[in-house]
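We use all heavy atoms of the structure for the numbers below, so side chains are in, but hydrogens, waters and symmetry mates are not.
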Amino acid sequence: MGPFLKITDNGADQLMYSFALLFGGLGQMLAGWLEFQRKNTWACVTWLCYSGYWMGFGLSGILEGADILTPSPEGWQMANALWGVLTFILWMTTFAFNGALCLMMFLLTIQFFLEAASATHPSCWRATGVFGFLVSILAFYIGAAVLCQEVYHKDVLPLFPLNWTNLRGKRRFGATGTRKARPADLAPKIDSEEELEV
């Protein structure tokens, strides 16, 4: 978001492409598979989707820098608009979790549409940078809050849970969709004496 806010020059993008591929792409893909192991459908789908986004962004940037690929502004516009639609769909499901995550996905939806518009309307660049900056702050905050929950087993940073039973039904969800395990679910299953005798 640096070039959008004119904090950095356009050359900063060249540095970010490798981070996009490895941290944003590969890192989020691994996070998605870890969430799959935890039976966290929402986080798994979200991490894997955005890992694809960052891998595509990083790869296209590297290819463009090597004069192998020349993406058109209209192509970027369509891609970001489609990511805006996907993020809007994911945002609609965040009402079952917490206010911080819900707000972040809402701002990210707006950011994608602004980024789509900025491909052909440079006047939208600054607004895109502002929304991207806000999304980044919320992402770091949510990440720190969830990490603290995992480590300290209590809410250190509030995420403002949306306790809407009508939306969530009787399922028990964690901060980002992980189904909370009950002690009975974690206890090893011991065969009855009758089954052992057989």
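- Between the CH2 atom of W83 and the CG atom of L108 there is a distance of 10.0 Å, given to the nearest 0.5 Å.
- For residues 84-94, the set of pairs meeting the side-chain hydrogen bond (donor to acceptor under 3.5 Å, both in side chains) definition, not counting sequence neighbours, comprises W42-T93, Y50-T87.
- Sorted by first and then second residue, the ring pair (Phe, Tyr, Trp, His ring centres under 6.0 Å) pairs with a member in residues 12-41 read Y17-F57, W33-F36; sequence neighbours excluded.
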For W125 and L114: C-alpha separation, side-chain torsions, deciding distance, then whether side chain to side chain contact (heavy atoms under 4.5 Å, CB included) applies. CA-CA 8 Å; W125 281 14; L114 283 172; over 6 Å; no

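- Considering CZ of F112 and CG of L86, their distance stands at 8.0 Å, rounded to 0.5 Å.
- A pairwise comparison of heavy atoms in A81 and F113 identifies O-CE2, 3.6 Å as the closest pair.
- Partners of L107 under the side chain to side chain contact (heavy atoms under 4.5 Å, CB included) rule, at least two apart in sequence or in another chain, are L103, F131, L134, V135, L138.
- Linking Ile, Leu, Val, Met, Phe, Trp and Tyr residues whenever their side-chain heavy atoms come within less than 4.5 Å places Y53 and L63 in a single cluster.
- Note on L21 and I68: same hydrophobic cluster, where clusters join Ile, Leu, Val, Met, Phe, Trp and Tyr whose side-chain heavy atoms are under 4.5 Å apart, directly or indirectly.
- Remark: T109 OG1 to M104 CE distance equals 9.5 Å, nearest 0.5 Å.
- With hydrophobic clusters built from ILVMFWY side chains whose heavy atoms lie under 4.5 angstrom apart, I62 shares a cluster with M29.
- The closest side-chain heavy-atom distance from Y141 to L157 is below 4.5 Å.
- Side-chain contact check for T120 versus Q77: some heavy-atom pair is nearer than 4.5 Å.
- S72 places a side-chain N or O within 3.5 Å of a backbone atom of G75 that can act as its donor or acceptor partner.
- Residues passing the side chain to side chain contact (heavy atoms under 4.5 Å, CB included) test with L34, sequence neighbours excluded: none.
- Contact check for E64 versus T70: no side-chain heavy atoms found under the 4.5 Å cut-off.
- Grouping the Ile, Leu, Val, Met, Phe, Trp and Tyr side chains by contacts below 4.5 angstrom, directly or via other members, places F160 apart from V156.
- Note that the CG atom of L30 and the OG atom of S51 stand 9.0 Å from one another [nearest 0.5 Å].
- The side chain to side chain contact (heavy atoms under 4.5 Å, CB included) test applied to L22 returns no partner, not counting sequence neighbours.
- Residues G99 and L162 approach most closely at N-CG, 3.7 Å, considering heavy atoms.
- M78 shares a hydrophobic cluster with L82; the chain of contacts runs through ILVMFWY side chains whose heavy atoms sit under 4.5 Å apart.
- Shown here for L159 and A145, the closest heavy-atom pair between the two residues is CD2-CB, 3.6 Å.
- Rounded to the nearest 0.5 angstrom, C49 SG and Q28 CD are separated by 10.5 Å.
- Distance alone, capped at 3.5 Å, places no donor-acceptor pair between the T46 side chain and the A43 backbone.
- Minimum heavy-atom separation, A117 to C124: CB-SG, 4.0 Å.
- From L90, atom CG reaches atom CG of L101 across 9.5 Å, with rounding to the nearest 0.5 Å.
- A pairwise comparison of heavy atoms in C102 and F95 identifies SG-CE2, 3.6 Å as the closest pair.
- Closest approach of W76 and A119 over heavy atoms only: CB-CB, 4.5 Å.
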